[in-house]
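Note on naming: letters A, B, ... go to the chains in the order of the sequence lines (proteins, then strands), and numbering restarts at 1 for each one.
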Amino acid sequence: MPVLKGKELRVVGFLCNWCSYGGADTAGVGRFSQPTDLRIIRVPCSGRVDPMFVVKALLGGADGVLVSGCHPRDCHYSQGNFYARRRLETLKTFLPALGIDPDRFQYTWVSASEGQRWKNVVSTFVEKVHQLGHAPRIEEAAPYLPLAEKGDTLPAPLRPLAWPAAGTLTASLEQLREKIRAALPELDCVIGWQQGFDALHATPLFMRKPEDVDKLTWGPLNVHNLATYLPQFKNRKVGVVVKGCDSRSVIELLQEKLVEPDNVRVFGMACEGVVDVERVRKAMEPAEGAACTDVAPAAVAVEGDGLAFEGDTPVRLKLADVVAEKCRTCDTPVPLLGDVVEGNASAPAGPGPDAPPSLEALDAMTPEQRRGFWRAQMDRCLRCYACRNACPMCVCRDHCIAESRDPHWTTQEGNVREKLQFQVIHALHLAGRCTECGECQRACPVNIPVLALKQWMNRSVLTLFDYRAGVDVNAVPPLLAFAVEEKNIKEHGL
Amino acid sequence: MMSFARYIARGELARALDDMARGRVAYAPRREGDAVVFRPRAEGEEPLLARATVPPKGVIFPQSERLFAFIREKDPNDPGRTTVRLDSTVDIEPALIFGGRPCDARGFHIFDRVYLNGPYRDPYYAARREATVVVTLACTKAGSTCFCHWTGCGPADATGSDILLTPVGGGDEGGFVAMAVTERGCAVLEQANLPEADAARMDAAQAVHAATQAALDAQSPAPDLSATPARLLERFSDADFWRDMSDKCLSCGACTYLCPTCYCFNITDENDGGDGMRGRRLRSWDNCMSSLFTREASGHNPRMGKALRLRNRVGHKFSYYPQLHEGVVSCNGCGRCITGCPVSVDIREMVVRATQANEETPNA
Amino acid sequence: MNLAYYPGCSGLGTSREYERSTRAACTALGVKLTDIPDWSCCGSTPAHALEHALSGALSARNLVGAAKVGCDTVATPCPSCLSNLKTARHRMADDGFRAKVGRLLDQPAEKLADLPDVQSVLETLVTRVGLDAIRAKVRQPLAGLRVAPYYGCIMTRPADVMRFDDPENPTSMDDLLTALGAEVVPFPYKVECCGASYGVTRRDIVARLSGRLLGAARDAGAHAVVVACPLCQMNLDLRQTQVEWPGGRAVDMPVFYFTQLLGRALGVPDAELGLEQLCVDPAIAFRRAAQAVAARQAEEAALAAKAAAKAAQAKQAASANEGGRA
Amino acid sequence: MRIGVFVCHCGSNIGGTVDVPGVAQVARAYPDVVFSSDTMYACSEPGQAAIVDAIREHALDGVVVASCTPRMHEPTFRRTVERAGLNRYMFEMANIREHVSWIGKDREANSNKAAELVRMAVEKLRLNAPLYPKSFDVTKRVLVIGGGVAGIQAALDCADGGIEVVLVERESTIGGKMAKLDKTFPTVDCSSCILGPKMVDVSQHPNIRLYAHAEVEKIGGYVGNFKVDVRRKATYVDWELCTGCGLCMEKCPSKKSPDAFNEHVGVTTSINIPFPQAIPKKAIIDPTSCRQFVKGKCGVCAKVCPTGAIRYDMEDQVVTEEVGAIITATGYDLFDYTRYAEYGGGRYPDVITSLQYERLLSASGPTGGHVKRPSDGKEPKTVVFIQCVGSRDRSVDRPYCSGFCCMYTAKQAVLTKDHIPDSRSYVFYMDIRANGKMYEEFTRRAMEEYGVQYVRGRVSMIVPQGDKYLVRGVDTLLGEQVEVPADLVVLAVGAESSHGAPQLAEKLRISYDNYGFFMESHCKLRPVETNTAGVYLAGACQGPKDIPSSVGQGSAAAAKVLGLFSRGRLESDPQISQVDVRRCVGCGKCITTCPYGAIEWMELRGEMKARVIETVCQGCGICTVTCPQGAIQLQHFTDNQILAEVNALCLS
């Protein structure tokens, strides 16, 4: 029995048992008339409301979701609503990224004695939902794939991006190898990069014996974030070679005590930007419709701010055109911690546009276009979860709720809603923890731009908690803490 | 059969395709974002000839399909008694896959051995397989990760296809020699009433095949893998070897879902919304690299570590399957698992290293 | 400090001396007063009795004028103008009222949303100039002058709109006068009504109420009453002979504007303070103050003499036994 | 699963605007529902009996009752299903009264909504699992905070009930406000005559440990196992040695130190014993006025003290007490009368508060019971009492009525006549609130026998006139303004929350209203309990009330505690979190966010996992949301159970 057609819309409420549920009772006892649309789900505390309940409802067809708890300082469990305030405000600023109108989700505080206030809250919110009308479903959105290909409209990078001459590079690389050889005996292994299956790919290298260290390479092909292997070495001593962006992942792991400081030896050097293989391939492809896509060059040489590709059609590409998006605005060219070889890194990025290009593209879309965009992009998702397993922060790997039956958040249905739901789960779990290393997007075998969702989330976290992940080893991720008086969270109109 | 051949001029391809796909849903490669995937093709749409990022296996062996629906009905006067009605109607629409490569098409052959000719015939797979015509495009260039010539496949292998197109002559005056492989292929090709492919064009096609084969042999000479099944069994307990091979693996599912020959699936029941009395049984792709693949209800997992799982993936393709199927290797050498792997795990390296004599140190 | 100044109609008429002394005192204290261009009457007491929106518009017009001059605050000496301006600004928060006033003044409603703040001159002097700054500039302290500070009944009421000092027991003028060297006598009727405009229609009420105020000042020993409102000054000063003095004994009680005493203490010549405009001769108060000073000096002298005599006697006794010893 | 649905008419409360039989009919079609019926009053005796019978007859293993709010009758129906042999948690409620029938008249929409709420309850019930409370032992000791009459009564009742009591009092003596009273209404019997013996009982009772001049600093733990840190503030006198002889008071040179006990009407010595019947009868030094502290040298009291009990270097001391329950009886404070500038409170010496007047009337007061004007010590002939000073007045944010001022003013008026036969008293009032036993009769006697002049009207201003005070008000019954020349004005100041109450509430984790009074669990049905298990309220800390009510609540709170401890062991609420060790990866996020520290590390086969301490977990569910892989689930509100309700609504 769905809602009464034409009269009601689907409005779901999550009310805390001690205050707001009591407030709704008091409104009932006071016979304060209210619209009938709201269905109330009782939870022990607003701190029990998982933002994913709201997303599950909104994606599942709810036209409006209302959460209400005790007033700050008056929570029966003393801290529940403080956590709820941060979680739900983060969700509210994130919803527009999916093309969902944030006015369809509201959270507020109502105490057990405020019957009159509850009536006003419900009437105003339901009225607002009726103004918005039925919520458009993402799976029914017209697919929208903006034609602007990634390559051509890129703004200039904010730092020089010029690799040192081959000579100095190998010299500092030899210094790095020396440091690793010295540390190798007391470590289980040291993780680095080595040449991959063709001239365009490096691949992770696990060095256990001195001769393995000879294979270590350092250059624009070292795209992988090796910090993702550290949690598996939890109680063994391990070494890892990091670029600047990877070092932020190591810091975040240390912040959350997912790796022990004295079990991890970090090595690193200055980095001048790594290639986006997709862009290189697009720049190499002679013409559309080539019989075989991945024609790889025979060899690649690093020359200052460019890459020289030998092979049947020698090509020279400027680094600025083929480098990964994150490197254009990189402000940590030198690793922030660890035993770092003082290479001559060029200056970090100066101030630039506040949003990276793919986030700017998402900003530019209308909500309708965003729904269509995510519908079209997620349609080809294989649910292989490479985006999850490549992410250094995803430590619950084998027990992820994307594939579990208890709790049973996601079904095995192959439709867009289930696929998009995991991306929302991933973004929410990374709120205040993601260092934008870009591995999730790089690992995706069908190249879905999932990084844009995390960049949007990081922007929300920055504005709400002026916090950046993986910068200070002692900082606590904002959603694992709360403030009694929130500086940047303004109470909403209800 | 090889004698039945037609010639499609470059400009005529779209029209020919429309005729061949009359009454069928035609799937062809289309660029979406930065990937090329198989999508239903609109009438007259010029098909993209690039190789698809994902194999066309999803058309015949969908990522998630409904096996049947179950509907619970209550006895009106005794709500305590509930009967369950099953609705297992399988609605399959005739389809045509255009633009797959020989390594994709041969994948269906690997599936057929398991789902059609095995001890149990899978009705769902059979229905889709018989309803789908496979029009394959022979390769003209060797990709850096292509090794179809290692596994008994080849740039012009017709196994699993109904029609094999070979691009001849370059540029706009070139065209395609379309050879029918199966009766169904002939019938479908007949629909397009195309001119006969004369001897010269047939020879040109043979030349293209030979040239591509030569390029492949030059780029990566095929090693002798006849001993591989036995060698892999010997390596079964070599923990160090599999540790080294799987160290960098993230144990995600990219390789299995990109693989045209991976046919494992998982079955789950899902509840429908509405009045809660209806539900569906789903079959969806499963991935042996995930720990969930072998996790038991108790929580025990025979293949807890990723090394064991990688050993199983390589062993299955190059040892267990061949022993069951007269030496046929369940890998077509398309190389997608290598390019699609986030950390570039290379199955060729694993097979070659496993096949070499034991005495060599694994990390050579 | 750049304040918009709203003189108010009585400033050009019956309370000219209040106007002149306010300007003189402000200039002496370095407070720049920028008159609101083309200001008009604020509606005083009758307007809001007839029509709220019209009364609001009269005041709002002046506030808009002040905003044009770029001042964030308007100062006005007269409590009645202060009350009208403040009430109008307070009511702008209500959208409906603001829209109506906007139509009357054909001003866009949003511009009326944040009009400049309004303060009395007294509040501006005490809060923004500050008592220490004023005390530092005092040349001629009002030594010996005993004064009864009288605020009038609307300067502090209603409390939530006027937001000035303690509504029932304000002390700003007391502090100011103390800073000027005067002695403030305890005066219980600080905020009791003087009869206001009943002076025209019901003189008997003014006689009783103003009489009571003057009587209390007399009983408290004040030399003069100090006011901040033109209407109160008129009732207490002009009608001093007509009022019913409790206890019957009439006495001349000068009634100053606080700005006049302020100007005098700052050394501003009397001519600029309009002291001659007052009905009861202000000299009476100054004479009493002088007598008080003289009396105190005489008393101190007598005390000093007694102390000196005692000291002399003690010294003599000491030298006597010293003499004995020697 | 076999579920039974019972849809309640609640007379016409639900039946009036919801098609109850229709909802019951629709519910029959829901999954796993094998029995569905409507009932007139589900919570009534026959209603519950019908449920028990249905459970037995249809072998039900789950029940859904669609009626009123679970906040009221969930416990009732849980006991019902338990009586029928089911586990208490195999039960769900749908609130179709407060959330449906009472808030709208649209019958079709209401019925449809009620059906959906029943559907949600059924879907959740299908995933409920039986839960079994664990029992844990209880520290049979109680902490009473506040030694006023309510606290004393609670302490004595608990002690007489055989349990140990820790009584913590902020002042140096117990007795609270009542000890400062001379007489009490309506019987005008002497306050210390009725309170004194109880105070002595407290000091002599073997089960009561008294910490005077002490405050509660920190409270941890949960019902049955609270751990309380009490800060014993420095008294600068060693109470073990002090015999209360009072010699130090006589010799102390600084005679003008503030006398808080006498409401600063008189002055006292820096070292003093507040009043003769003080318990404990020990001296205490006020460091702000004692010359030894202020000027650094004096030491007179140390010299004269026969037992050498003076300790100038004494430090605060914190002791920890383990208790099973807490009774809060922290009383009230008086409204600050200086906020009424028009009455001259604090400026005119002869305008005093009612409690100051009480001290003047009291024989142990600074004037030995002789009523003297604080200004010149003369006996006042005309005394004016003003009611509702700081009560029933929104402009000073005190809209409530303080309840006891009308009565103590009448009493003080009667006592004034006794003390000064030729005096004349006036009382300005709005309405006389005399609703206790013998209260109205008492105020009548004050008016008729003692000739107290009651003037109905508020006082607008008090003006000093010579040595008298002109009280100007209005007599609304005569319709005239009134002026009374008074010698003494007594303001009947209202009650407000005790200073520091909000901070104590946050330590106790109970909520308080915006005036600082503590929130009771239910204003009518559970007045002495709070929403935090094991914490009880007594007396004016919960709201202004007179002595009989405070004593009554003291006993009520004690009865609650005795009931709590009578069961020997306590049952822990099974609605707590549980960790599935297979899914836990040991990331420790739940431990970081648990407000009660109820989750600890545990090592299992070489891996670190999280484990919930059953007795400490309060069931808020914050950890379940924090855990990314849902390894820790709040029982009875697991992710799947809540998702079942969401999917019932949204998955169409």
> Rounded to the nearest 0.5 Å, how far does SG of B/C341 lie from CZ of A/F197?
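Result: 9.0 Å between the selected atoms.
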
> Return yes if a side-chain donor-acceptor contact under 3.5 Å exists between B/Q63 and A/K419, otherwise no.
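Present: a donor and an acceptor within the cut-off.
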
> Counting only heavy atoms closer than 4.5 Å, note whether A/R442 contacts chain B via side chain, backbone, both or neither.
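Side chain of A/R442 only, per the 4.5 Å heavy-atom cut-off to chain B.
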
> I'd like to know which of B/L250, B/T53, B/D247 tops the heavy-atom pair count under 4.5 Å against chain A.
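Looking at each option in turn, the highest pair count goes to B/D247.
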
> Between B/R283 and chain A, with a heavy-atom cut-off of 4.5 Å, which part of the residue counts as in contact: side chain, backbone, both or neither?
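Nothing of B/R283, per the 4.5 Å heavy-atom cut-off to chain A.
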
> What part of A/E211 gets within 4.5 angstrom of chain B, counting heavy atoms only: side chain, backbone, both, or neither?
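Neither part.
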
> Taking all non-hydrogen atoms of both residues into account, name the closest pair between A/R380 and B/G33 and its distance.
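Here A/R380 and B/G33 meet closest at NH2-CA, 4.1 Å.
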
> Looking at every non-hydrogen atom in both residues, tell me the closest pair between B/T268 and A/R405 and how far apart they are.
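Reported closest heavy-atom pair: CB-NH1, 3.9 Å.
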
> Less than 4.5 Å to any heavy atom of chain A: does that hold for the side chain of B/R39, its backbone, both, or neither?
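The side chain, not the backbone.
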
> Looking at B/E270 and A/Q412, would you say the former's side chain and the latter's main chain have a donor-acceptor pair under 3.5 Å?
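Yes; judged by distance alone, with no hydrogens or angles, the pair exists.
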
> List for me each residue that meets salt bridge (Lys or Arg N to Asp or Glu O under 4.0 Å) alongside B/D346, sequence neighbours excluded, and say none if there are none.
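Residues passing salt bridge (Lys or Arg N to Asp or Glu O under 4.0 Å) with B/D346: B/R348.
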
> Rounded to the nearest 0.5 Å, what's the gap from SG on B/C252 to CZ on A/R397? Could you check?
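The distance works out to 9.5 Å.
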
> So what's closer than 4.5 Å to chain B heavy atoms on A/S404: side chain, backbone, both or neither?
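Neither the backbone nor the side chain of A/S404 comes within 4.5 Å of chain B.
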
> Answer with side chain, backbone, both or neither: which region of B/R66 has an atom nearer than 4.5 Å to a non-hydrogen atom of chain A?
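Neither the backbone nor the side chain of B/R66 comes within 4.5 Å of chain A.
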
> Under 4.5 Å heavy-atom distance to chain A, tell me which part of B/V54 shows up: side chain, backbone, both or neither.
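Interface part for B/V54: side chain.
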
> Heavy-atom pairs under 4.5 Å with chain B: which of A/L205, A/N415, A/N447, A/N389 has the most?
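The residue among A/L205, A/N415, A/N447, A/N389 with the greatest pair count is A/N389.
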
> List the residues meeting salt bridge (Lys or Arg N to Asp or Glu O under 4.0 Å) with A/R383, not counting sequence neighbours, and say none if there are none.
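None.
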
> Using a strict cut-off of less than 4.0 Å between a Lys/Arg side-chain nitrogen and an Asp/Glu carboxylate oxygen, indicate whether A/R208 and B/D240 qualify as a salt bridge.
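The answer is no: the pair does not qualify as a salt bridge.
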
> Working to the nearest 0.5 Å, report the span between CD of A/E278 and CG of B/D34.
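So the CD of A/E278 and the CG of B/D34 are separated by 5.0 Å.
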
> Of all heavy-atom pairs between A/P445 and B/A254, which one has the smallest distance, and what is that distance?
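Looking at all heavy atoms of both residues, the shortest contact is CG-CB, 4.0 Å.
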
> Could you tell me whether the side chain of A/Y385 and the main chain of B/G253 form a donor-acceptor pair under 3.5 Å?
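No, A/Y385 side chain to B/G253 backbone: no donor-acceptor pair under 3.5 Å.
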
> Would you mind checking which part of A/C381 comes under 4.5 Å of any heavy atom in chain B, side chain (CB onward), backbone (N, CA, C, O), both or neither?
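For A/C381, the contact with chain B is made by the backbone alone.
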
> Measuring only between side-chain heavy atoms, which start at C-beta, is B/K248 closer than 4.5 Å to A/H224?
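A side-chain contact under 4.5 Å is absent here.
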
> With a 4.5 angstrom heavy-atom cut-off, could you sort out which part of B/E32 is near chain A: side chain, backbone, both or neither?
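Both parts, backbone and side chain.
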
> Evaluate the side-chain contact (heavy atoms from CB on, under 4.5 Å) criterion for residues A/L382 and B/L258: first the C-alpha distance (whole Å), next the side-chain angles of each, then the deciding distance (0.1 Å), finally the verdict.
CA-CA 8 Å; A/L382 301 172; B/L258 289 175; 3.7 Å; yes

> First locate atom NE2 of A/H201, then atom OG1 of B/T145, and finally report the distance between them rounded to the nearest 0.5 Å.
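Separation between the atoms: 9.0 Å.
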
> Please find the pair of heavy atoms, one from A/A202 and one from B/S344, that lie closest to each other, and give the distance.
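For A/A202 and B/S344, the tightest heavy-atom pair comes out as O-OG, 3.8 Å.
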
> If you measure from CZ on B/R31 to CG on A/L145, what distance do you get to the nearest 0.5 Å?
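One gets 11.5 Å once the value is rounded to the nearest 0.5 Å.
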
> Roughly how far, to the nearest 0.5 Å, is OG of B/S251 from CD of A/Q232?
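It comes to 8.5 Å.
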
> Would you mind checking which part of A/A376 comes under 4.5 Å of any heavy atom in chain B, side chain (CB onward), backbone (N, CA, C, O), both or neither?
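For A/A376, the backbone is the part near chain B, not the side chain.
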
> Where does B/I338 contact chain A at under 4.5 Å (heavy atoms): side chain, backbone, both or neither?
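Interface part for B/I338: both.
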
